[in-house]
2 protein chains.
Amino acid sequence: MLSKKTQYAFQALMYLAQKKNNEPVLIAEISKKKKIPLKFLENILLELKKAEILDSKKGKGGGYFFAKNPKDVQLATVMRLLDGPISLLSCVSLYFYEKCNNCDERGCGLHLIMEQVRDANLKILEKKTIADIATKQNHIVKSV
Amino acid sequence: MLSKKTQYAFQALMYLAQKKNNEPVLIAEISKKKKIPLKFLENILLELKKAEILDSKKGKGGGYFFAKNPKDVQLATVMRLLDGPISLLSCVSLYFYEKCNNCDERGCGLHLIMEQVRDANLKILEKKTIADIATKQNHIVKSV
DNA sequence: ATTTAATGCTTTCTAAAAAAACGCAATATG
DNA sequence: CATATTGCGTTTTTTTAGAAAGCATTAAAT
């Protein structure tokens, strides 16, 4: 499961992406609209800024805004930044690889399958971007 | 990432599946061979038994063995049992569904994509079984 | 029956991580 | 200068993971 941190990040990014003209938005506004604890959100946005996904301006008229085009921000990037590995096992991770202790990787059936799982995930998460999730897709109406 | 608990479970299940004739195996033996803390393993095996994946016999000559054929035990089943949801968001989980607080699901772009991710995962994890991972696939030799 | 070899089960402990709050510093605007 | 805002290290709280302890129960062998 995604941590709250990453979930909040996605909500904040969606909110920012929906603003016109990429104008600075107050942390407090995002916090209120998206019901995210203010101080927690502050930290999250700061991390996103350090990763050069967002940028910010201090003082009056300041706030947070995108440093790059939302369509160039992969979901996978945000997840790795805030939650770490996307893979289910670190011995299969591309960005956070660690050898597993009692497993030789060759000849480990679990390893092979977890690579498949990883690839299936990345195929989606590296393709889809903040722009994709920010666009409300109300035209797809589910019949209940 | 999979918890240690689930990783240990997979290792133990692989070990049991590789035994001939489904004979009872001591917890202590699995613990030693797979380097899993004994008391922790005890709890894990017990959970697997309660889920009717394994069975056990007490007393001399006792131990753990499969209650069903390893080829009928999906990886997804084990993961759900020990780690909970496979989905990345609970609002998208089939077995552990919970409504998300600030999201209406229809019209939430994240929701739709996380459903795709879930399905991609389940396609693999509900198809592959303990029998699949227990079979060492040494014939696939990676060239280093 | 008694002994011994095993698992069964509840509880507790510890450590780490996640989630959140605090307080003041730094900076930009007007 | 006054005010609005983010920056950022520290601290606190809560939750979860990981592991251990200890006694109860069951089965088999003798």
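Sequence lines set the chain letters: A, B, ... in the order given, protein chains first and strands last, and positions in each chain run from 1.
- In terms of the salt bridge (charged side-chain N to carboxylate O under 4.0 Å, His left out) criterion, residue partners of A:E29 (sequence neighbours excluded) are, by chain and number, A:K19.
- Remark: A:K128 engages no residue in a salt bridge (charged side-chain N to carboxylate O under 4.0 Å, His left out) (not counting sequence neighbours).
- OP1 or OP2 of D:dG7 has at least one side-chain nitrogen or oxygen of A:K49 nearer than 4.0 Å.
- Considering only residues two or more places apart in sequence or on other chains, B:N121 meets the side-chain contact (heavy atoms from CB on, under 4.5 Å) condition with A:V117, A:N121, B:I86, B:V117, B:L125.
- In terms of heavy-atom proximity, B:K127 sits nearest to B:D132 at O-OD2, 4.0 Å.
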Pick out the pairs of N or O atoms, protein on one side and nucleotides 9-15 of chain C on the other, that lie under 3.5 Å.
unit_1	atom_1	unit_2	atom_2	d
C:dC9	N4	B:E42	OE1	2.7

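- Contact annotation for A:L26: backbone-only contact, meaning every heavy-atom pair under 4.0 Å involves sugar-phosphate atoms and none involves a base.
- Considering every non-hydrogen atom in both B:A120 and A:I124, the closest pair reads CB-CD1, 4.0 Å.
- Remark: A:K99 pairs with A:Y97, A:E105 by the side-chain contact (heavy atoms from CB on, under 4.5 Å) rule, at least two apart or across chains.
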Tabulated below should be each protein N or O lying under 3.5 Å from an N or O of nucleotides 25-30 of chain C; please produce it.
unit_1	atom_1	unit_2	atom_2	d
C:dT27	O4'	A:K58	NZ	3.4

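- The side-chain contact (heavy atoms from CB on, under 4.5 Å) search around B:K39 returns B:E42, not counting sequence neighbours.
- Legend: residues meeting side-chain contact (heavy atoms from CB on, under 4.5 Å) with B:F96, ordered by chain and number and at least two apart, are B:R80, B:P85, B:S93.
- Using a 4.0 Å heavy-atom criterion, one finds that B:L45 contacts no nucleic acid atom at all.
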Please table the atom pairs, donor to acceptor, closer than 3.5 Å between any side-chain atom in residues 54-69 of chain A and protein atoms at least two apart or in another chain.
unit_1	atom_1	unit_2	atom_2	d
A:S56	OG	A:K49	NZ	2.8
A:N69	OD1	A:K71	N	3.0

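- Under 4.0 angstrom from either OP1 or OP2 of D:dG7 there lies at least one side-chain N or O belonging to A:S56.
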Short N/O separations, protein against nucleotides 14-18 of chain D, under 3.5 angstrom:
unit_1	atom_1	unit_2	atom_2	d
D:dG18	OP1	B:K4	N	3.4
D:dG18	OP2	B:K4	N	3.1

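- Residues passing the side chain to side chain donor-acceptor pair (under 3.5 Å) test with A:K4, sequence neighbours excluded: none.
- B:L38 comes within contact range of no nucleotide atom at all, as no heavy-atom separation falls under 4.0 Å.
- Remark: A:E98 engages no residue in a salt bridge (charged side-chain N to carboxylate O under 4.0 Å, His left out) (not counting sequence neighbours).
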